[in-house]
Amino acid sequence: MRNFYPAFRWIPVFWGVLFSLNAQVPAEKNGKWGYVDSSGQALIDYQYNFALPFSEGLAAVRSENRRRWGYINHSGHIVIGFQYYLAGEFYNSYAIVAKYKKGDLLYGLINRKGKEVMPLQYRFMQWSTHNLIWADKSDNGFVSKYQCFTDSGTLAFKGTYHSHGHFYNGLCPVQNREELFGYIDLNGQLKIAYQYEEAGDFKEGYAVVMKDGKRFLIDSTGKEYNEMTYHEVREFKEGLARVRIGKKYGFINRENVLVIPLVYDLAWFFSEGLAPVKKNGKWGYINKNNETVIPFEYEEAFLFRNGIAQVKKFKYGIIDSNNNVLIDFKYHNLDDQFLHGMLIAELNGKKGALDRNGKVVIPFKYYEVKPYKRNWAKVRYHHYWGKVDTEGNEYFEEPPIPPRKEIRRFAHGLNIVEYNGMEGLTDKQGREITPIKYFRISDLSDLSGESNPKRFSVRLDGLFGMIDQRGKELTPIKYHRINRFFGNTATVLIDDKIGLINARGEELIPLGKYERIIALYQEKMAVPIEGKWAVIDTSDNVLIPPLYDQIGYQYLFDRKSRLLKVKLAGKYGLLSYEGDTIVPLLYDKILDYIPSPHLFQVEKEGLFGFVDFHGQELIKGKNEYYLGVEETDDFESLSQKHSFVRECGQNKKIGQAEAIELAKKAGLMKVDERHDAEFDLSAVQLNYQEHCAWQITARANTYSDLGKCPGQLYDFVISHRVVIDSQSGEILDKEFKEDCIRVYGP
């Protein structure tokens, strides 16, 4: 292998485009960006803070001093000045750009001369299908108002929407102000009525929608399929759609016929006529007639692409559609497809590349390898970047650093060191604890805080074992996974079989006896026995018989203080770790625990109340109002929230003003000039970081009249707990009284 070390360093960024003979490609040198040709020769000097590829004769570049974007031509001349905070590539002679105006980032559309075709007044803008643009012109950014425009900036049709998808099969999902989805055509005409809680784009003639909490398919006429019988329906691929009931998967055709029965534990989509499916813990491939084409013998399986698929049998390899092994199972990681004739792979912590016959075309010596673009691949050795041609010749700025021992991590007072892709342990003085022979060493520290077993998992040839801080191997390297300790025990897996080991590596519960093991606390585990959940100890003794549909835990004071949270016939209750009933199984939800006077907040039949440690209902859910805050999934700032009122057990989303009025009527809050709204002393008010956004919620006020509530109630003011007298509202906790007065006034 020959080595060349040119006088400059260049880093091509390909952006998904191929080299051509006269291509100008963005490249970096000494932290600045310019443009080079396919040989690496600089065409436009390295002078920009960042640079994008050329599109339609122009390229967006960011200036070094002002950090603003502008556009240059192929000669490097500035065509559109540096003025934008964001700038996109040109498409059909137009580009989306954005500027800050009075603190708001606003988007618009410009042509190739820099003229604003759509003024910079939109809060968001994106290209869609059919050369259309969706733009949001909301007044405050809280409630979106999307409109659809042509690529020349004219309004495509009238209509304003809260959310949108994209046009496929001539239809696009849009959301109205009542937060229901329907479908419009390219003229903006409503073709399928607003009725869905969720709606996806049409794929192969069908779209997945959700109504009344259930997902199903519709066609372009709005006809509903599947009769809402499936728990999950995915989009069509190659004429079939994946469906699920419970934990079993199958496939339906476009006539809504279940052509592949619900017998698989997992399933992906069809690709090139085959679908990877999982059954009895192993993966294989079926065709559209549900015939097993490739047997169930793999730990993992991926989609076929260009006649090959990646599968795992202890390690990763490549097979064809006849299950012929093209690349042996000896790699720790593989890309899922060949790009430009090569497949990037990982072996013993280093990356290289293979051809379709498994021949090494780039040796396994690099920290990173990027796919070939024309005749070059980008590679990194330590912090040196260079390139490798198709014959394996390297081009670096200077010879790469030879392998050396480096400290990667610290754990339990020891160093995890790496050398040439392998790891070992040394003490603080650098003395060897273990040889550098493992592919990976990980800390197995206790997650519960109960104990502190100083243990490490070690990985070699795709399998895991456990060592102590002296480097002694406590278990054979045979497991497919070792989880972190919870107390003095850890779960281990081989295939889908789970077992339990202690800190000495001894198997307390043999692999495969239970389908699942959930660590609880005090060396106890929840396990399923004949379809119900029980609690066992580390000696496999049954402490609580298998009676429950679900067993978890409920935190009390801290992570070490817990009760068992159990579920049976849809109702929740609390048990002690000895199995004694603390709160009977009567409630739809068990929510917060209030440290004093030791109350649990519960919900039953849509109303909220409190029970004590004896299960007695001290405060029943007789309230008319429950105020809170619900955050949206896609909010840009923490101030974008919807207030809601729980009214007679029903959630009703309302505006902030209406919420304030209802709260005032219920006697739960007051308003002053300092904040939009403040609850009385029994409320919560939190300031999130630097945002001027207030979360307002009434926790203890799940009843309309505080004066009728017995005892004392805890709640929060800023980050402090405060005890108030429920009769008079007087602050009883003197330590935080000054904080309360400072925040709320005397």
For the side chain of [X] and the backbone of [Y], is there at least one donor-acceptor N/O pair under 3.5 Å apart?
X: R455; Y: A503; answer: yes
X: E423; Y: I441; answer: yes
X: E299; Y: K312; answer: no
X: R244; Y: Y249; answer: no
X: N322; Y: N324; answer: no
X: T475; Y: G505; answer: no
X: D355; Y: N357; answer: yes
X: D201; Y: H166; answer: yes

Take atom [atom1] of [X] as the centre, draw a 6.0 Å sphere, and report whether it contains more than 12 heavy atoms from other residues, nucleotides or ligands.
X: K604; atom1: NZ; answer: yes
X: R481; atom1: CZ; answer: no
X: E300; atom1: CD; answer: yes
X: K330; atom1: NZ; answer: no
X: K223; atom1: NZ; answer: no
X: N541; atom1: CG; answer: yes

What are the two closest heavy atoms between [X] and [Y], and how far apart are they?
X: I344; Y: K370; result: CD1-C, 3.9 Å
X: G200; Y: P173; result: O-CG, 3.9 Å
X: G250; Y: L262; result: N-CD2, 3.4 Å
X: Y285; Y: A301; result: OH-CB, 3.4 Å
X: G358; Y: L354; result: O-CD2, 3.7 Å
X: A526; Y: L520; result: N-CD1, 3.7 Å

Please report the C-alpha distance between F364 and Y331 in whole Å, then the side-chain angles of each, then the deciding distance to 0.1 Å, and finally whether the ring-ring contact (aromatic ring centres under 6.0 Å, His included) criterion is met. CA-CA 11 Å; F364 291 89; Y331 298 99; 5.6 Å; yes

4.5 Å side-chain heavy-atom contact, [X] and [Y]:
X: L444; Y: P453; result: no
X: L132; Y: L186; result: yes
X: L240; Y: V259; result: yes
X: V293; Y: I286; result: no
X: Q310; Y: L343; result: no
X: W533; Y: V566; result: no
X: W268; Y: F302; result: no
X: M125; Y: I133; result: yes

[X] [atom1] to [Y] [atom2] distance, which is reported to the nearest 0.5 Å:
X: N483; Y: L493; atom1: CG; atom2: CG; answer: 6.5 Å
X: L575; Y: I544; atom1: CG; atom2: CD1; answer: 5.5 Å
X: N488; Y: I501; atom1: CG; atom2: CD1; answer: 11.5 Å
X: I245; Y: L258; atom1: CD1; atom2: CG; answer: 8.0 Å
X: I192; Y: I184; atom1: CD1; atom2: CD1; answer: 11.5 Å
X: D537; Y: M525; atom1: CG; atom2: CE; answer: 6.5 Å

So that I can tick it off, tell me whether K532 and E530 are bridged by a salt bridge, with the cut-off set at under 4.0 angstrom between side-chain N and carboxylate O.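 No salt bridge links E530 with K532.
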
Electrostatic pair E507-K478, nearest N-O below 4.0 angstrom: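 Judged by the 4.0 Å cut-off on N to carboxylate O distance, E507 and K478 do form a salt bridge.
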
If a pair satisfies side chain to side chain donor-acceptor pair (under 3.5 Å) and one of its residues is in residues 182-195, list it, with sequence neighbours excluded.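 Sorted pair list: Q195-K211.
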
Test applied, side-chain contact (heavy atoms from CB on, under 4.5 Å); reference residue, C172; option that passes from F202, W134, Y161: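 The option that passes is W134.
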
F270 and its ring-ring contact (aromatic ring centres under 6.0 Å, His included) partner, picked from F251, F304, F236: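 So, applying the ring-ring contact (aromatic ring centres under 6.0 Å, His included) to F270 and each of F251, F304, F236, only F251 qualifies.
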
Going through the checks in order, is the side chain to side chain contact (heavy atoms under 4.5 Å, CB included) test met by H164 and V174? CA-CA 4 Å; H164 66 88; V174 291; 4.3 Å; yes

Residues 273-281 side chain polar contacts: donor-acceptor under 3.5 Å, at least two apart:
none

Between Y264 and F296, how do the two ring planes meet: parallel, tilted or perpendicular, split at 30° and 60°?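 Plane angle under 30°, so parallel.
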
Please report the C-alpha distance between Y168 and T129 in whole Å, then the side-chain angles of each, then the deciding distance to 0.1 Å, and finally whether the side chain to side chain contact (heavy atoms under 4.5 Å, CB included) criterion is met. CA-CA 8 Å; Y168 292 97; T129 53; 3.7 Å; yes

May I have the step-by-step check of side chain to side chain contact (heavy atoms under 4.5 Å, CB included) for Y577 and V535, ending in yes or no? CA-CA 9 Å; Y577 271 73; V535 174; 5.8 Å; no

Mind running side chain to side chain contact (heavy atoms under 4.5 Å, CB included) on L463 and H480 for me, showing each step along the way? CA-CA 5 Å; L463 299 175; H480 291 164; 3.3 Å; yes

Does K350 qualify as a cation-pi partner of Y367, given the criterion of NZ or CZ under 6.0 Å from the six-membered ring centre and within 45 degrees of its axis?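 Judged by the rule (NZ or CZ under 6.0 Å from the ring centre, within 45° of its axis), K350 counts as positioned above Y367.
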
Taking side-chain hydrogen bond (donor to acceptor under 3.5 Å, both in side chains) as the test, write out the residues that go with N289, two or more places apart.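 None.
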
Regarding E346 and Y316, is there a side-chain donor-to-acceptor distance under 3.5 Å anywhere?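 No, Y316 and E346 have no side-chain donor paired with an acceptor closer than 3.5 Å.
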
